[in-house]
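Accompanying notes for the structure given below.
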Amino acid sequence: MHGVIFLMTTLPPIRVLYSFPHKLGADRICYTASQQVNGLAAAGADLQVFPGVLHGPVPAGVKVRPTLARGKLRVSYKLLGSLRACALHDWVVARRLEQMAGEIDIIHTWPLGALQTLKTAARLGIPTVLERCNAHTGFAIEVVQKECERLGVTLPPDHEHANIPEKMRKEEEEYRLAYRLLCPSDFTVKTFVDKGYAKEKLARHIYGVDEKVYHPGGEPRDPGRGLTMLFVGVCAVRKGVHFALEAWLQSPASKDGTFLIAGEFCRPTPKSSLPCSITPVSAFLGIGLTCPILMRKSDILILPSIEEGFGLVITEAMASGCVPLASEACTEICKHMETGLMHGIGDVAAITRHITLLHEDRALLARLRSASLAAIPQIDWTAAGVRLLDVYRETIATYSAGALRKAG
């Protein structure tokens, strides 16, 4: 193409303020947030991270300013109380934001530590997103309470799914103030739509998996041995472990197979209150064993949650060569008869059929396992970071267009 000059331009990186009120790099949502930061950094975001406390390393180039720690001194979440600690974090971030208006393109916040930050951002004209790592809290409280009543157990007053009006009011206000709510699954979106939220306010993204930690084992699997089923997580009513136990006992897989439960028991769900007895080949492993090793050695992972935001163990099991059996409350990355088996919430009969199917049809088990492993490059934490960065771009563009229309 003689005489034609192509000018290559690159867009400047998106400047993100990532506000996380807990211990970035610890377990559960703290792990999720840490991996999200890693994925965003790999995707090219210009990150300023304000965690309550930094509990682990962050990628080079990520600027970190904790809000509840200085040097070796830390505010005690236990002494101050989680709600007050999150509120203090929020106050610190909002004050810092006043001096940073021209340095930030978008603010990523987390529940119960965002109210003042969201108000300040709105006044300064900065778009915001609020992470929704679980379903709508009101929905979650309702379905967990209903199942507790059916089982005859009572949640402790400080449980995350106890009905605490002050907490619920604050979360609802955060939902209202955030420009977008980040939903990691279609089920999460549905719980908000059912509560009256506009679909335009709900942005879809995903969580990922760390392939360096979660990967298949090298040993061949003996198709003649008994089935090994694994549950990983807190043994709470919302996770539906009682459904899994009931289904396991009803399946012929329990005669020569093993059901492993790796996790701590939530106070209202002691072993003695589970609605079925425990077979000799089932084992409660607690939280001391390494979950990646258990996943590599297990055939299937069961997650029969009655409410969920995503179900991170689903992608971790898939990456480990462990086929997921998940409720429809979990991530749709687990596709029925493609990368796993899906069942309706609380459908013990369906869970029993699925366990039995994979017990009897090892060729199907192998096909689902292969398909799960093939899907992982599209759902690792780097891919999740790229997708989240795309959500940021769309949010910024939509927010800016709305501001121009108002100005006009």
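We use all heavy atoms of the structure for the numbers below, so side chains are in, but hydrogens, waters and symmetry mates are not. Sequential numbering from 1 along the given sequence is applied to the chain's residues.
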**Request:** Indicate the atoms forming the closest heavy-atom contact of V37 with L47, along with that distance.
**Result:** O-CD1, 3.6 Å
What pairs of residues pass the salt bridge (Lys or Arg N to Asp or Glu O under 4.0 Å) test when at least one of them lies in [range], not counting sequence neighbours?
| range | value |
| --- | --- |
| residues 322-347 | R204-E332 |
| residues 21-34 | R28-E160 |
| residues 379-395 | R180-E394, D390-R393 |
| residues 100-122 | R15-D105 |

**Asked** Any chance CD of E98 has more than 12 other-residue heavy atoms, nucleotides or ligands included, within less than 6.0 Å?
**Response**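 Yes - once you tally the heavy atoms of other residues, nucleotides and ligands closer than 6.0 Å, there are more than 12.
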**Message:** Can you tell me if M337 has over 12 outside heavy atoms packed within less than 6.0 Å of its CE?
**Reply:**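 Count not over threshold, so no.
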Applying side chain to side chain contact (heavy atoms under 4.5 Å, CB included), can you list everything that pairs with [X], at least two apart in sequence or on another chain?
| X | answer |
| --- | --- |
| S320 | Y214, M295, R296 |
| K297 | E219, I293 |
| S372 | M318, P324, T339 |

**Item:** By ring-ring contact (aromatic ring centres under 6.0 Å, His included) - contacts of H89 (at least two apart)
**Value:** none
Any residue meeting side chain to side chain donor-acceptor pair (under 3.5 Å) with [X], in chain and number order, not counting sequence neighbours:
| X | answer |
| --- | --- |
| R225 | T228, D299 |
| Y179 | none |
| Y18 | Q36, W110 |

**Proximity of F243 and F231 rings by center, below 6.0 Å** =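 That pair fails the under 6.0 Å test.
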**Request:** Any pair with a residue in residues 40-55 that passes side-chain hydrogen bond (donor to acceptor under 3.5 Å, both in side chains), sequence neighbours left out, goes on the list, sorted by first then second residue, please.
**Result:**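 Qualifying pairs, neighbours excluded: D46-K63.
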**Message:** Using 0.5 Å steps for rounding, measure from the CG atom of L130 to the CG atom of L182.
**Reply:** 7.5 Å
**Request:** Classify the side-chain pair H205/E131 by whether it contains a donor and acceptor separated by less than 3.5 Å.
**Result:** yes
